[in-house]
Amino acid sequence: MRTTLVAATALLLGAAIPPPLPIHLNQIGFEPGDAKTAIVWGGSGSLSWTLVDASDRVVGQGKAKVLGKDAASGAELQRIDFSDFRVPGEGYRLVVGGSPSDAFAIREGIYAPLAKDALAFFYHQRAGVPIEARLVGAAWARPAGHPKEVAKCFAGRDERGTDWKGCATALDLTGGWYDAGDHGKYVVNGGISLWTLLNAYERRPGAFADGSLKVPEAGNGVSDLLDEARFEMEFLLRMQIADGTRMRVPAGPPKPAKAGKPAWETEPADFAEIDAGGMAHQKVADRNWTALPMPPQDDREERLVYPPTTAATLNLAAAAAQCARLWRGVDDAFAARCLAAATRAWEAAKRNPEVYATNSFTGSGGYGDGDVSDEFYWAAAELFATTGGGEYRYVVTHMPHFTAALREPGWPSTAPLGTITLATVRNGLPKADIDRLRAAIVAAADRFLADEKGNGYGIPYVARDYPWGSNAALLNRAMLLGLAHDFTGAPKYREGVVAAMDYVLGRNPLGQSYVSGYGVRPMLNPHHRFWAPSLNPKLPGPPPGVLSGGPNSTAMSDDVAKTMRGKCAPQRCWVDDIHAFSMNEVAINWNAPLFWVAAWLDS
């Protein structure tokens with residue numbers, strides 16, 4: 001039985017999980033042709049290792065490479081490389097000093113189940129519809145959360161004492177994905193998550209054919225991946241404001257920031273009445289934070305829709321333009337609807353280029369962003385790739401992001417998404433420009449690989465402090481590494497992708513798989529409102545394929561993390577605790593790159 005199923009069974013039955021061992025590796029195993037690396041804690045002398053099969057027969061041996069003291073993990077490390085061993089099998093173990101590693105497999109297709117489970121996360125997070133036992137099993141079935149969700153705009157005084165006028169009518173905002181461990185639904189996080197899923201489809205349109213996934217729409221003749229993506233796209237379209245609507249919102253640059261504060265946490269700009277038609281509301285969420293645990297069908301908080309922002313509007317423009325491109329020939333009416341929404345959003349953002357989120361509301365995340373130039377670039381790139389329009393081409397080619405060095409994408413840093421689209425989707429740019437954009441992606445991948453030398457666990461990530469959602473940042477880097485491999489065929493880039501996945505599946509100083517249901521020590525207790533058996537034994541733990549945000553040594557804001565502040569090396573600032581929201585929350589924009597990378601590795 002594969003390790004995944006063993007761990008999932010242990011999760012459901014409450015079986016004891018064995019303690020970490022000093023040999024850390026990918027706990028599910030390896031593709032035969034991939035790099036195979038393990039890290040062992042040890043001193044200055046090179047340690048001998050053997051590789052044994054399920055019958056304890058020695059099939060490989062060697063000496064570990066001494067790495068010395070590692071700042072990221074706070075440990076003395078040595079590295080074992082057994083990449084030359086390629087014989088498929090189950091139950092392999094590395095043995096060092098008489099101590100065996102966790103058992104692992106070597107086989108083709110080892111990431112295929114993970115890709116499907118990581119994608120299934122989005123069905124579990126659906127709002128407005130029941131989650132069906134026939135698709136997910138009885139443990140994870142639940143009634144619809146927030147069905148027929150008709151929400152009024154926030155009106156009245158916020159936490160700052162600022163008065164908001166609200167809007168004239170309530171909006172039907174049923175559907176979409178819950179963003180994370182709470183019940184909020186956010187356009188700025190939905191946009192990048194949706195883009196990541198659709199980019200995986202655009203790269204391999206036949207990979208998740210109709211009937212290949214467990215979704216209610218299976219059997220409709222459309223890719224199941226497109227079906228899941230459409231569920232969110234429909235919600236984003238509902239978040240767009242009707243033409244002719246006027247609203248009073250903070251418009252213009254925010255007030256000067258106080259020392260040490262990001263721009264979006266300063267006093268908002270002065271209010272002005274704007275033509276808000278075509279803009280997108282930032283979010284729909286509870287008026288107040290709900291308690292833990294709180295299955296969505298039990299949520300009794302008032303649901304509110306919050307003011308529009310330029311960032312949300314441009315996320316809608318980008319996602320809808322991508323939608324229009326991919327649904328052509330699949331559902332032409334839906335494609336046309338998406339394109340109309342995208343062009344309306346673009347025009348609205350041009351009219352209102354400085355409407356920023358504020359940190360004025362409780363009950364939901366702020367997702368504030370004081371620089372939306374990257375969203376303008378991304379939206380223009382998607383619209384240009386879809387329409388070939390001269391205006392979009394001009395905007396793209398005249399923005400600094402068109403020639404700037406790339407970093408990993410994230411919801412506040414979406415410019416790389418535009419560059420990826422321009423570099424991979426047929427469009428009207430000259431070949432020289434496309435070649436340069438591809439070279440920029442490869443150059444970013446090379447910088448990420450150089451970071452492997454700065455940490456003993458050999459991952460393409462920096463050795464200094466780890467931010468909130470570090471696992472997702474690493475996997476977003478892995479996505480660019482995968483594209484560099486697509487462009488060049490160079491093995492080093494695939495090795496970098498494998499190193500990133502090895503890390504989240506157990507090759508880390510905690511010996512922890514950060515993915516539920518995968519590995520011997522999977523994540524069990526995410527910060528989540530309805531996967532919460534540690535608080536209510538009647539509730540399930542997470543289904544297989546859910547990614548924890550991972551180590552966080554920079555924003556340790558929850559009560560659990562505060563007790564660890566200053567006491568842990570960056571890669572060890574993590575605990576599997578439902579209350580540790582700064583380290584162990586889950587989110588759609590974190591599971592999206594997990595899915596993309598697992599699907600890429602399986603391709």
Problem - Leu474 side, atom CG; Leu481 side, atom CG - distance, nearest 0.5 Å - result: 9.0 Å
Practice task
Side-chain contact test, heavy atoms from C-beta onward, threshold under 4.5 Å: evaluate it for Asp70 versus Asn455 and give yes or no.
Solution key: yes
Practice task
Using modelled atom types only, decide if a donor and an acceptor are shared between the side chain of Asp224 and the backbone of Leu213 within a distance under 3.5 Å.
Solution key: yes
Problem - Expected output: side-chain Asp465 to main-chain Thr554 donor-acceptor under 3.5 Å - result: no
Exercise for the section: Please work out which of the three classes, parallel, tilted or perpendicular, describes the rings of Phe104 and Phe30, given edges at 30° and 60°. Expected result: perpendicular
Handout entry: Pair Tyr466, Gln571: side-chain N/O donor-acceptor within cut-off below 3.5 Å
Key = yes
Exercise for the section: For Ile578 and Pro526, work out which heavy atoms get closest and say how close. Expected result: CG1-O, 3.1 Å
Problem - Contact list for residues 493-502, test side-chain hydrogen bond (donor to acceptor under 3.5 Å, both in side chains), sequence neighbours left out - result: Asn26-Asp502, Asp34-Arg494, Asp446-Tyr493, Asp502-Arg507
Problem - Under 3.5 Å: donor-acceptor pair, side chain of His24, backbone of Asn508 - result: yes
Exercise for the section: For Ala357 and Gly366, work out which heavy atoms get closest and say how close. Expected result: CB-O, 4.0 Å
Problem - Beyond-backbone contact of Arg464 with Pro570, side-chain heavy atoms, under 4.5 angstrom - result: no
Handout entry: Criterion side-chain contact (heavy atoms from CB on, under 4.5 Å) on Leu114 and Phe595, from CA distance to verdict
Key = CA-CA 8 Å; Leu114 177 55; Phe595 159 69; over 6 Å; no
Handout entry: Working for side-chain contact (heavy atoms from CB on, under 4.5 Å), residues Leu226 and Leu198
Key = CA-CA 7 Å; Leu226 284 186; Leu198 289 177; 3.7 Å; yes
Problem - Asp602 side chain to Ala598 backbone, donor-acceptor under 3.5 Å - result: no
Practice task
Would you please say whether a donor-acceptor pair under 3.5 Å links the side chains of Trp574 and Ser548?
Solution key: yes
Completion exercise
Distance col, row Leu225:CG vs Leu119:CG, nearest 0.5 angstrom, shows 5.5 Å
Practice task
Enter the distance from Lys283:NZ to Asp179:CG here, rounded to the nearest 0.5 Å.
Solution key: 10.5 Å
Handout entry: Donor + acceptor pair across side chains of Ser582, Asp558 (<3.5 Å)
Key = yes
Problem - Between Asn471 and Trp590, a side-chain donor and acceptor under 3.5 Å - result: no
Problem - pair Ile80-Val96: side-chain heavy atoms closer than 4.5 Å - result: yes
Exercise for the section: For residues Arg572 and Trp41, report the shortest heavy-atom separation together with the two atoms involved. Expected result: NH2-CH2, 3.8 Å
Problem - Donor-acceptor side-chain pairing of Tyr377 and Thr419 below 3.5 angstrom - result: yes
Handout entry: Glu228 versus Trp177, side-chain donor and acceptor atoms under 3.5 Å
Key = yes
Practice task
Tell me whether the centres of the aromatic rings in Tyr461 and Tyr503 are closer together than 6.0 Å.
Solution key: no
Handout entry: Min side-chain heavy-atom separation Asn315-Glu375 under 4.5 Å
Key = yes
Practice task
Might you point out which heavy atoms bring Asp102 and Leu25 nearest each other, and give the distance in Å?
Solution key: O-CD1, 4.3 Å
Handout entry: Spatial distance of atom CH2 (Trp468) from atom OG (Ser557) [nearest 0.5 Å]
Key = 4.0 Å
Handout entry: Sub-4.5 Å side-chain heavy-atom contact between Phe231 and Phe122
Key = no
Practice task
State, with a plain yes or no, whether a side-chain heavy atom of Pro542 is found less than 4.5 Å away from one of Val586.
Solution key: no
Practice task
For Ser470 and Pro551, indicate whether the former's side chain and the latter's backbone hold a donor-acceptor pair under 3.5 Å.
Solution key: yes
Handout entry: Under 3.5 Å donor-acceptor, Asn591 side chain and Ser193 backbone
Key = no
Practice task
Indicate whether any N or O donor in one side chain lies under 3.5 Å from an N or O acceptor in the other, for Asn584 and Asp577.
Solution key: no
Exercise for the section: May I ask you to test the Phe448-Glu408 pair for a side-chain heavy-atom distance under 4.5 Å? Expected result: yes
Fill in the blank from the handout: Val396 and Ala381 have their tightest heavy-atom pair at CG2-N, 3.4 Å
Practice task
Please test Ile588 against Tyr186 for side-chain contact (heavy atoms from CB on, under 4.5 Å), starting from the C-alpha separation and ending with a verdict.
Solution key: CA-CA 10 Å; Ile588 54 176; Tyr186 308 82; over 6 Å; no
Practice task
Starting at CG of Asn189, measure out to OH of Tyr367 and round the result to the nearest 0.5 Å.
Solution key: 3.5 Å
Exercise for the section: Check the side chains of Trp600 and Asp486 for a donor-acceptor pair under 3.5 angstrom, ignoring hydrogens and angles. Expected result: yes
Practice task
May I have the step-by-step check of side chain to side chain donor-acceptor pair (under 3.5 Å) for Ser48 and Lys63, ending in yes or no?
Solution key: CA-CA 5 Å; Ser48 297; Lys63 287 276 193 179; 3.2 Å; yes
Exercise for the section: Using atom types as modelled and distance alone, determine if a side-chain donor or acceptor of Arg436 lies under 3.5 Å from a backbone N or O of Phe402. Expected result: yes
Practice task
Could you tell me whether Arg477 and Asp451 have a side-chain N and a carboxylate O separated by less than 4.0 Å?
Solution key: yes
Problem - Carboxylate-amine/guanidinium proximity below 4.0 Å for Arg521 and Asp576 - result: no
Exercise for the section: Return the minimal non-hydrogen interatomic distance between Leu475 and Pro593, and the atom names on each side. Expected result: CB-CB, 3.9 Å
Exercise for the section: With Asp182 as reference, evaluate His527, His528, Glu585 under the side-chain contact (heavy atoms from CB on, under 4.5 Å) test and give the passing residue. Expected result: Glu585
Exercise for the section: Give a yes or no on whether Arg565 atom CZ has more than 12 heavy-atom contacts from other residues, nucleotides or ligands under 6.0 Å away. Expected result: yes
Practice task
Could you give me the CA-CA distance, side-chain angles and deciding distance for Leu67 and Gln78, then say whether side-chain contact (heavy atoms from CB on, under 4.5 Å) is met?
Solution key: CA-CA 5 Å; Leu67 303 175; Gln78 300 191 29; 5.5 Å; no
Completion exercise
Result for side-chain contact (heavy atoms from CB on, under 4.5 Å) between Tyr514 and one of Leu505, Leu594, Val546, Leu547 points to Leu547
Exercise for the section: May I ask you to test the Trp49-Ile23 pair for a side-chain heavy-atom distance under 4.5 Å? Expected result: no
Practice task
Would you check if the side chain of Ser83 reaches a backbone N or O of Lys36 as a donor-acceptor pair within less than 3.5 Å?
Solution key: yes
Handout entry: Heavy-atom donor-acceptor pair, Ser516 side chain to Leu524 backbone, under 3.5 Å
Key = no
Handout entry: Gap separating the CG atom of Asn476 from the OG1 atom of Thr196, nearest 0.5 angstrom
Key = 6.5 Å
Problem - Donor-acceptor pair, side chain of Ser46 and main chain of Lys65, under 3.5 angstrom - result: no
